[in-house]
Amino acid sequence: MSETVAAAAAVPSVRAFRRQLTRARRAHANKTWLQVAEDAYVALFTLAMLGVVVGAAIAQVHHELLGCPTAGCAAVREELPVVVALGTVGAVLHALASIGPVVSGSATGQWVLATPVARGGLLRRPYAAALGVAVAVCVAFPGVALAGTIASPATIVAVLVGAVGTGLLTTALATAAQPHPGLRRAVGVTGDALLLGALVLAAAIAYGLSWELTVDASVSLAVAGVVVVAGLVAAVLATRRISRLSRADVEPGGALVAGLTGAAYGLDLSLVGELLTARRFRLLGARRSRRGLGRGFGAVVVREGMRLARSPRRLLGLAAAAVVVQVGAAVGLGSLAVLVAALAGYAATRWTTASLRIVWRSPGLRRAFGLDDLALLVALAVPGGVVAALWSVGITMLLPGGSVVEVVVLTLAIWSGIVRSAASAAPRFDGPLVTSPMGALPPGMIVSVVRGPDVAVLGSLALTLGASTLWSVAVAVLVAAFALWRAINAVGDTRPYTERLQEATAEKRRS
Amino acid sequence: MSRKSKKTPTSLVSVTDLEHAYGHRVVFDHLSFHVRAGRCLVLRGPNGSGKTTLLRCLVGERPTSGTVTFDGRRVDESDPRFRADVATVLGDLDFFPDLTVLEHLDLLARAHGQAPEQADEVLEAVGISDVRDQFPGTLSSGQRQRLALATAFVRPYRLLVLDEPEQRLDTDGQAWLAQRLAADKRAGAAIVMATHDPDLAAAVGDDVLELGA
């Protein structure tokens with residue numbers, strides 16, 4: 001027997017390799033079976049609690065919608081499932097193309113995928129996980145939206161079966177495209193297009209578009225059956241292609257998932273956005289550099305504006321927020337529409353202060369600018385303020401009875417919110433932790449989630465409550481000044497906990 | 001490039017009786033020294049001896065006790081004049097994921113009131129002009145280090161504070177760095193640098209401070 005054949009014969013099967021890996025891991029396990037069972041119980045209990053809370057909220061909304069007699073409510077009730085289905089498929093395609101869909105952790109990539117063990121077998125589990133998640137999402141959202149309608153049980157079954165097929169199809173498509181950057185981008189763009197379509201449709205419905213679509217239940221079921229069969233065939237065909245995925249195809253997605261999971265555990269939504277942005281531009285690789293303009297403060301403002309223009313996809317978020325406000329107005333929110341607009345505007349524009357967040361959390365970068373803190377903060381936040389102002393003008397034109405006061409108050413409230421959330425200090429995991437039902441958490445972690453939305457609400461509260469023009473503007477200005485002051489004071493203390501503790505001790509000793 | 005001081009103080013940086021401790025562990029104490037314009041002080045010492053901590057104190061971090069002054073004024077990082085005069089590469093530099101290499105330097109050059117062409121010159125000098133249109137996430141670790149150095153060199157300064165600048169640089173890069181720092185000294189800039197590279201220390205250093213000895 002030649003050496004090559006002997007080496008090939010020594011390669012273990014995927015099953016044997018996994019068994020070996022499991023044995024090794026068990027040997028180093030630091031938890032007993034009882035502890036594992038306890039952890040599983042806590043996880044299941046948390047999921048069940050969340051399910052009950054979310055389910056109750058959805059049931060409440062459905063109850064309200066069913067009892068609401070306005071034309072807006074009727075439109076939301078009947079046409080919403082189509083919008084949700086379209087949006088869900090778009091979001092799933094976008095997410096699959098952004099993440100992988102087949103991913104592996106960096107350790108698995110470096111140690112396991114580098115072995116001659118059959119790669120297809122090793123990647124089958126992550127592929128199955130991607131299929132499972134995509135199917136679950138495709139079923140859950142349209143299913144929930146459909147539950148609020150008066151559709152027949154046969155139609156509901158047909159939609160759910162079709163959703164399973166769609167989940168399988170989308171994942172198979174994204175997996176086939178994964179090793180080809182061009183195709184992968186095309187899948188992402190298709191997702192974006194579907195999301196845009198959903199937005200346009202939602203806006204049209206809010207303006208009174210409705211349709212009468214009557215399809216025989218048996219036809220719906222037949223179509224759903226075809227979709228499921230196509231999905232299954234595509235999923236099986238794509239399984240054959242996963243062995244061709246390279247480590248470079250699967251590792252970055254794994255790192256992204258790990259980062260996103262960490263950010264989600266830390267309730268850090270900005271970090272989620274930052275990770276996605278970093279990933280997008282790493283995939284993009286390079287782009288022709290564009291020269292800035294001006295000097296000093298002005299140069300920072302101009303560059304920040306140019307940076308924002310580099311992400312036109314974000315306009316989708318602005319449009320989505322506008323549609324949310326529009327739908328809210330359509331179902332009769334009344335004066336609460338201003339509050340909803342402030343929150344929606346905050347959510348849609350918070351990405352505009354990503355640079356401020358990066359600079360405020362990086363002492364080296366802040367030093368590199370040479371501007372004083374206030375000037376730097378304002379320079380980095382001006383373009384975000386302009387976006388907030390433009391969005392506010394647009395939304396005020398859409399709302400019935402919108403005025404200049406609304407534009408001013410909304411702009412200030414949204415700008416205060418995005419500045420506060422970008423400049424607030426991150427929760428410190430290196431200091432003392434506080435016990436909570438969710439385990440040990442750093443102080444301020446939960447509060448950090450509401451830093452931003454809180455001032456957006458406060459800034460628009462006076463107008464929402466029907467205060468006079470003077471009071472409404474005065475409150476918004478005061479809140480903006482507070483947000484700016486807090487942001488400036490948040491600067492500086494980026495040192496490790498041990499250092500801050502030492503300084504406090506020394507201070508105590510001196511006094 | 002360095003900015004000439006209007007007055008020429010004997011010492012640009014003065015450190016007096018400096019002490020820094022983490023909890024009960026004293027990293028360094030009774031530390032006093034001066035750095036004059038056009039001179040380079042090299043910090044040496046084993047890992048954990050306090051080189052980086054000392055550099056941070058020089059650029060504004062509060063020590064446990066003692067004083068650090070720059071150009072006769074107590075070091076205050078919130079003072080824009082101080083920031084305009086002091087350039088640092090301390091390993092705590094992040095980059096904007098969506099700005100290209102050239103755009104980073106263009107932005108910093110303009111923020112410091114420099115001609116934008118400065119960015120191109122520094123790109124050439126640092127040896128990363130071939131990746132000028134790339135985003136930072138795609139750079140190798142050596143290229144990231146060159147970009148970090150470039151962010152300091154693209155602007156004027158009177159004091160340059162560097163923490164192991166030779167890290168991740170190839171042989172050519174290290175030689176270029178030594179030449180560049182020597183030129184900065186000739187132009188009147190003061191340099192304080194922590195390094196483990198004896199060649200770089202010998203080529204640029206005028207004085208050596210051993211920490212943890």
Side-chain angles (χ1 to χ4, degrees), chain A residues 274-300 302-304 306-308 310-311 354-355 358-359 361-373 375-376 379 488 491-492 494-496 498-499 501-503 505-506 509-510, chain B residues 20-25 53 56 59-65 77-104 106-116 119 131-138 148 151-152 154-157:
Chain A
E274 229 171 75
L275 288 167
L276 291 173
T277 305
R279 159 94 165 149
R280 187 161 83 81
F281 282 95
R282 208 177 305 127
L283 283 176
L284 203 58
R287 186 177 271 195
R288 196 169 170 186
S289 302
R290 292 168 64 200
R291 303 278 176 187
L293 282 173
R295 302 275 165 95
F297 177 90
V300 180
V302 170
R303 173 58 68 190
E304 195 52 16
M306 292 164 80
R307 195 187 65 77
L308 297 188
R310 182 160 276 171
S311 300
S355 285
I358 292 170
V359 174
R361 294 189 179 189
S362 169
L365 201 51
R366 214 174 62 242
R367 274 197 300 267
F369 274 94
L371 297 173
D372 73 85
D373 287 337
L376 187 57
I488 290 295
V491 169
T494 51
R495 296 165 301 157
T498 46
E499 284 178 45
L501 180 68
Q502 171 56 29
E503 186 185 301
T505 313
R509 224 168 18 195
R510 278 196 289 273
Chain B
H20 207 290
Y22 294 119
H24 292 296
R25 193 175 82 83
T53 305
R56 288 186 188 284
V59 296
E61 188 168 307
R62 267 204 276 173
T64 306
S65 65
E77 207 207 324
S78 64
D79 180 358
R81 285 176 302 173
F82 176 75
R83 288 196 208 168
D85 280 342
V86 181
T88 61
V89 181
L90 290 182
D92 54 2
L93 197 63
D94 286 340
F95 298 109
F96 299 100
D98 49 355
L99 292 189
T100 65
V101 168
L102 175 64
E103 287 167 349
H104 271 87
D106 179 88
L107 171 63
L108 288 179
R110 289 173 188 274
H112 282 273
Q114 298 298 294
V131 293
R132 58 196 289 141
D133 291 333
Q134 280 183 220
F135 295 107
T138 63
T151 59
V154 78
R155 42 158 300 186
Y157 47 81

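Letters A, B, ... are given to chains in the order of the sequence lines, protein chains preceding strands, and every chain is numbered from 1. Everything numeric here is computed off the predicted structure, so don't read it as measured data.
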| query | Any donor-acceptor pair under 3.5 Å linking the side chain of B:T138 with the backbone of A:A286? | reply | no
| task | Would you sort out whether A:M306 and B:L99 count as a side chain to side chain contact (heavy atoms under 4.5 Å, CB included), showing the intermediate values? | result | CA-CA 9 Å; A:M306 292 164 80; B:L99 292 189; over 6 Å; no
| query | Can you tell me if A:R367 uses its side chain to pair, donor with acceptor, with the backbone of B:T88 under 3.5 Å? | reply | no
| field | Over all atoms of both residues, closest heavy-atom pair of A:A299 and B:A111 | value | CB-N, 4.3 Å
| said: Salt bridge or not between A:R361 and B:D94? Use side-chain N to carboxylate O under 4.0 Å. | reply: no
| Distance (rounded to the nearest 0.5 Å) between A:I358 CD1 and B:F95 CZ | 11.5 Å
| Flag side-chain contact, heavy atom, 4.5 Å: B:D98 against A:R280 | no
| message | Treating B:R83 as the side-chain partner and A:L371 as the backbone partner, does any N or O pair qualify as donor plus acceptor under 3.5 Å? | response | yes
| said: As an exercise: rank B:T100, B:D106, B:V101 by heavy-atom pairs under 4.5 Å with chain A and give me the winner. | reply: B:D106
| Closest approach of B:P116 and A:R295, non-hydrogen atoms and distance? | CD-NH2, 3.9 Å
| Under 4.5 Å from a heavy atom of chain A, the part of B:A152 involved | neither
| task | Taking B:H112 for its side chain and A:F369 for its backbone only, find out whether a donor-acceptor pair lies under 3.5 Å. | result | yes
| field | From A:R287, A:R310, A:R288, residue fulfilling salt bridge (charged side-chain N to carboxylate O under 4.0 Å, His left out) relative to B:E103 | value | A:R310
